[in-house]
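Data block below; observations after.
This is a predicted model, so every value here is computed, not measured. The chains referred to below are lettered A, B, ... by the order of the sequence lines, with proteins before strands, and numbering in each begins at 1.
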Number of protein chains: 2
Amino acid sequence: METTSDQHWDVYLKNCPCRDVLDLLANKWTALMLGALRRRPHRFGELRRAVEGISQKMLTQNLRALERDGLITRTVYPTTPPTVEYALTDLGTDVSRHLVALSTWSQANFSRIREARETFDSRVVEPVS
Amino acid sequence: METTSDQHWDVYLKNCPCRDVLDLLANKWTALMLGALRRRPHRFGELRRAVEGISQKMLTQNLRALERDGLITRTVYPTTPPTVEYALTDLGTDVSRHLVALSTWSQANFSRIREARETFDSRVVEPVS
DNA sequence: CCGGATCCCGATTGATACTG
DNA sequence: CAGTATCAATCGGGATCCGG
């Protein structure tokens, strides 16, 4: 019994609605945010500090989008000052595996990448004689 | 013996240079381009058609960046009209696994995502009565 | 004070030519 | 065919303002 996908979507097609999902996921901030939330739930400010350099605008915007798509939950505790906690859903936990893999890969292979860059740059910027 | 990473990089740090790599990888177009190249090498125009909706500008720009980082190769055959073939390197093949996983996940879980969106939207846009 | 919305501006992106 | 150049539109970052 098919409880999940009842149709085949193709991200390579221009108008396939599932491309919006890829667009949300294949995003630097999403990768870092879900990676942080994977370790434990975070409050807004905690997340802001965990993902160094993200603006609160992007943080808010991505949190909304991720909540809307059912990847994270947003829980408000009516305290003063307000406490808002974000946590991964099961669906969010599932994708986060792949995003963490990307982050980890970037870290692990940065040395190689940097070498490639140096080689490329030295071959390109010096076309003289 | 450590032949690869000699230092630990952290994508969560604002100024860590490896974040640039994550930024290149965690990108909709990169995911689709490397996914297409994973199947087989493509010429410029082929890739343009394979990744529906990408502009030549973004295609060129991303191809250059990926070549610079050693993830793909660019081979020019001196024919008329010009033939330029792009192909994954070993490094590129390695990352592409994770990117393909993201694309596949987006396709496979789109139904669930869409349901989540409908639930979210109906809860939010109708705060009346 | 925390979480978040808004506005303004510079940086990216996309669509559309144009070239070797 | 495989790009480059140009310009309009959109997006991201920073500062500011607001409600609890």
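- Summary of the strand contacts: A:P82 and A:G53 both lie near DNA chain D, and taking for each the nucleotide with the nearest heavy atom, the more 5' one is attributed to A:G53.
- Going from atom NE2 of B:H42 over to atom CG of B:L88 covers 10.0 Å, rounded to the nearest 0.5 Å.
- DNA chain C is contacted by both A:E46 and A:K14; A:E46 maps to the nucleotide lying nearer its 5′ end (nearest heavy atom per residue).
- Salt-bridge annotation for A:E85 and A:R40: absent, with no side-chain N of the basic residue lying under 4.0 Å from a carboxylate O of the acidic one.
- Put simply, the side chain of A:E52 does not reach to within 4.5 Å of the side chain of A:I54, judged on heavy atoms.
- Remark: B:W29 in residues 17-30 of chain B come within less than 4.0 Å of DNA chain C through at least one heavy atom.
- Across all strands shown, A:P81 has heavy atoms under 4.0 Å from base atoms, whether or not it also approaches the sugar-phosphate.
- The shortest heavy-atom contact between B:S106 and A:V11 is CB-CG1, 4.3 Å.
- Summarising the geometry, the separation between CG on A:L59 and P on C:dC2 is reported as 14 Å, rounded to the nearest angstrom.
- At least one side-chain heavy atom of A:L32 sits less than 4.5 Å from a side-chain heavy atom of B:L22.
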Which protein N or O atoms sit under 3.5 Å from an N or O of nucleotides 4-9 of chain C?
residue: C:dG4; atom: OP1; partner: A:R74; partner atom: NE; Å: 2.9
residue: C:dG4; atom: OP1; partner: A:R74; partner atom: NH2; Å: 2.2
residue: C:dG4; atom: OP1; partner: A:Y86; partner atom: OH; Å: 3.2
residue: C:dG4; atom: OP2; partner: A:Y86; partner atom: OH; Å: 2.9
residue: C:dA5; atom: OP1; partner: A:R64; partner atom: NH2; Å: 3.4
residue: C:dA5; atom: N6; partner: A:Q56; partner atom: NE2; Å: 2.4

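- Note that the first and last nucleotides of DNA chain D, 5' to 3', having any atom under 4.0 angstrom from a heavy atom of chain A are D:dG12 to D:dG20.
- Nucleic acid contact for A:R43: sugar-phosphate only, since backbone atoms but no base atoms lie under 4.0 Å from a heavy atom of the residue.
- Computed from coordinates, the A:M58 CE to C:dA11 P distance equals 17 Å when rounded to whole Å.
- Rounded to whole angstrom, the span from the CD atom of B:Q61 across to the P atom of C:dA11 amounts to 15 Å.
- Checking side-chain atoms of B:Y86 against main-chain N and O of B:M33 turns up no donor-acceptor pair under 3.5 Å.
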Would you tabulate the side-chain donor-acceptor contacts of residues 55-67 of chain B under 3.5 Å, counting partners in other chains and residues two or more places apart, or write 'none'?
residue: B:S55; atom: OG; partner: B:M58; partner atom: N; Å: 3.2
residue: B:T60; atom: OG1; partner: B:Q56; partner atom: O; Å: 2.9
residue: B:N62; atom: ND2; partner: B:M58; partner atom: O; Å: 3.3

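- Every pair tested for side-chain hydrogen bond (donor to acceptor under 3.5 Å, both in side chains) that includes a residue from residues 19-30 of chain A fails, sequence neighbours excluded, so the list is empty.
- Between B:W9 and A:F110, the angle of the ring planes goes over 60°, which puts this pair in the perpendicular group of the 30/60° scheme.
- For the residue pair B:T119 and B:S122, the shortest heavy atom distance occurs at O-OG, 2.9 Å.
- Counting only residues at least two apart or in different chains, side-chain hydrogen bond (donor to acceptor under 3.5 Å, both in side chains) contacts with residues 89-99 of chain A comprise A:R38-A:S96, A:D94-A:R97, A:D94-B:W105.
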